[in-house]
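A short worksheet on the structure shown next.
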Protein chains: 2
Amino acid sequence: MFFTYPKESDVAYPVQDETRPSPAPQGDCAPGPEVETLVREMIGRVADKWTMLVLEELTEHGVVRFTRLGELVGGISQKMLTKTLRQLEADGLVRRTVHPVIPPHVDYRLTSLGESLSEAFCGVWIWAEQHHREVAAARQMFRSTEEAATPD
Amino acid sequence: MFFTYPKESDVAYPVQDETRPSPAPQGDCAPGPEVETLVREMIGRVADKWTMLVLEELTEHGVVRFTRLGELVGGISQKMLTKTLRQLEADGLVRRTVHPVIPPHVDYRLTSLGESLSEAFCGVWIWAEQHHREVAAARQMFRSTEEAATPD
DNA sequence: CAGCATCCTTTTTGATACTG
DNA sequence: CAGTATCAAAAAGGATGCTG
């Protein structure tokens with residue numbers, strides 16, 4: 001096999017420094033070393049395929065029933081929906097309410113804690129909205145650069 | 001996939017309203033219906049176990065080499081690190097620089113686009129920092145409520 | 001050092017069937 | 001309707017060996 005690097009973004013200059021301690025160039029929200037642990041925990045919780053989506057739909061629609069929520073999220077199996085909701089409930093982000101009627105009626109809504117998280121994610125939503133074009137462009141460029149490096 | 005139930009709600013329950021169209025109760029960053037699609041795309045991109053962590057470390061340390069980055073993130077295999085970085089690079093969030101020396105020297109840094117995302121995520125960091133106790137408490141309560149309901 | 005390739009284990013997810 | 005239980009498929013992730 002030949003040169004297997006898919007592509008090179010950039011080549012050159014002799015090495016000098018790396019891992020410079022200089023802080024974040026912008027906003028900077030540098031969490032302390034201990035805080036990082038728990039931040040990671042939270043990320044682990046939320047960083048899955050469905051949690052954010054469910055959170056989003058609950059934010060948008062307020063009080064929603066199980067099946068309806070599944071429709072809103074779209075593409076989720078009831079198994080995953082159940083699991084995701086249980087997790088959110090366990091973390092105090094969602095409140096589950098059972099109405100003792102027949103047939104069963106269960107609805108879900110964000111707790112205030114859940115709402116606060118949703119708010120926190122707002123920034124990311126907005127970012128996605130504002131920058132998705134740039135991402136799409138970057139992706140396309142990456143692909144073409146990639147295939148340029150692949151001698152077919 | 002969800003099985004498509006015949007009709008959504010053909011029954012009227014003595015329950016108030018559900019799925020109310022009224023907007024988010026608080027901050028409100030309601031993305032338009034079309035925008036949501038791409039927002040979801042972005043979420044799909046970022047919502048995995050490592051991406052945010054890598055982003056975070058790059059935010060904190062600026063320019064970092066491959067191995068070092070792996071150490072900083074902690075617990076990540078080189079396979080996953082490579083994959084995550086490739087993805088970030090493809091999305092234009094990270095720039096990979098190869099220094100043609102022996103032994104190889106490759107470093108990574110955020111692009112300005114990556115920095116903007118990192119900034120957007122700041123809110124989540126802060127949220128985690130502020131609310132992790134509440135989450136921990138909720139979790140504990142959930143567990144005890146749970147086992148109280150389990151007749152062993 | 002910075003990967004890629006391959007094999008293998010662990011998780012995750014989905015599709016069904018069944019229940020109160 | 002709103003789940004649970006179960007089985008099977010798929011994806012993610014890890015370990016190792018091998019390069020330039």
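Chain letters run A, B, ... following the sequence lines, proteins first and then strands; every chain starts at 1. Keep in mind that this is a model prediction, so the values were computed, not measured.
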**Message:** Just to verify, what does A:W127 make a ring pair (Phe, Tyr, Trp, His ring centres under 6.0 Å) with, not counting sequence neighbours?
**Reply:**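 Residues passing ring pair (Phe, Tyr, Trp, His ring centres under 6.0 Å) with A:W127: A:H131.
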Identify the heavy atoms of [X] and [Y] that sit nearest to each other, and give their distance.
X      : Y      : result
B:E134 : A:L113 : OE1-CD1, 3.4 Å
B:V64  : B:R68  : CG1-CG, 3.4 Å
A:V46  : A:T51  : O-CB, 3.7 Å

**A:L55 CG to A:F121 CZ distance, which is reported to the nearest 0.5 Å** =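 The CG atom of A:L55 sits 7.0 Å away from the CZ atom of A:F121.
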OP1 or OP2 of [N] versus the side-chain N and O atoms of [X]: is any pair under 4.0 Å?
X      : N     : value
A:R96  : D:dA2 : no
B:R65  : C:dA2 : yes
B:R68  : C:dA2 : no
A:Y108 : D:dC1 : no
B:T82  : C:dG3 : no

**Prompt:** Excluding sequence neighbours, so at least two apart, what forms side-chain contact (heavy atoms from CB on, under 4.5 Å) with A:S112?
**Reply:** none
Interatomic distance where [atom1] belongs to [X] and [atom2] belongs to [N] [whole Å]:
X      : N      : atom1 : atom2 : result
B:H105 : D:dG20 : NE2   : C1'   : 17 Å
A:L81  : D:dG3  : CG    : C1'   : 10 Å
A:F66  : D:dG3  : CZ    : C1'   : 6 Å

**Request:** Name all residues meeting the salt bridge (Lys or Arg N to Asp or Glu O under 4.0 Å) criterion together with A:E89; count only those two or more places apart in sequence or in a different chain, and write none if there are none.
**Result:** none
**Prompt:** Is any side-chain N of the basic residue among A:R139 and B:E41 closer than 4.0 Å to the acidic one's carboxylate O?
**Reply:** yes
Where do N or O atoms of nucleotides 13-17 of chain D meet protein N or O atoms at under 3.5 Å, pair by pair?
residue: D:dG13; atom: N7; partner: B:K79; partner atom: NZ; Å: 3.2
residue: D:dG13; atom: O6; partner: B:K79; partner atom: NZ; Å: 3.3
residue: D:dG14; atom: OP2; partner: B:S77; partner atom: OG; Å: 3.4
residue: D:dG14; atom: O6; partner: B:K79; partner atom: NZ; Å: 2.5

**Item:** With sequence neighbours excluded, residues passing side chain to side chain donor-acceptor pair (under 3.5 Å) with A:H132
**Value:**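 Partners of A:H132 under the side chain to side chain donor-acceptor pair (under 3.5 Å) test: none.
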Under 3.5 Å between N/O atoms: give me all the protein pairs with nucleotides 9-11 of chain C, atom names plus distance.
none

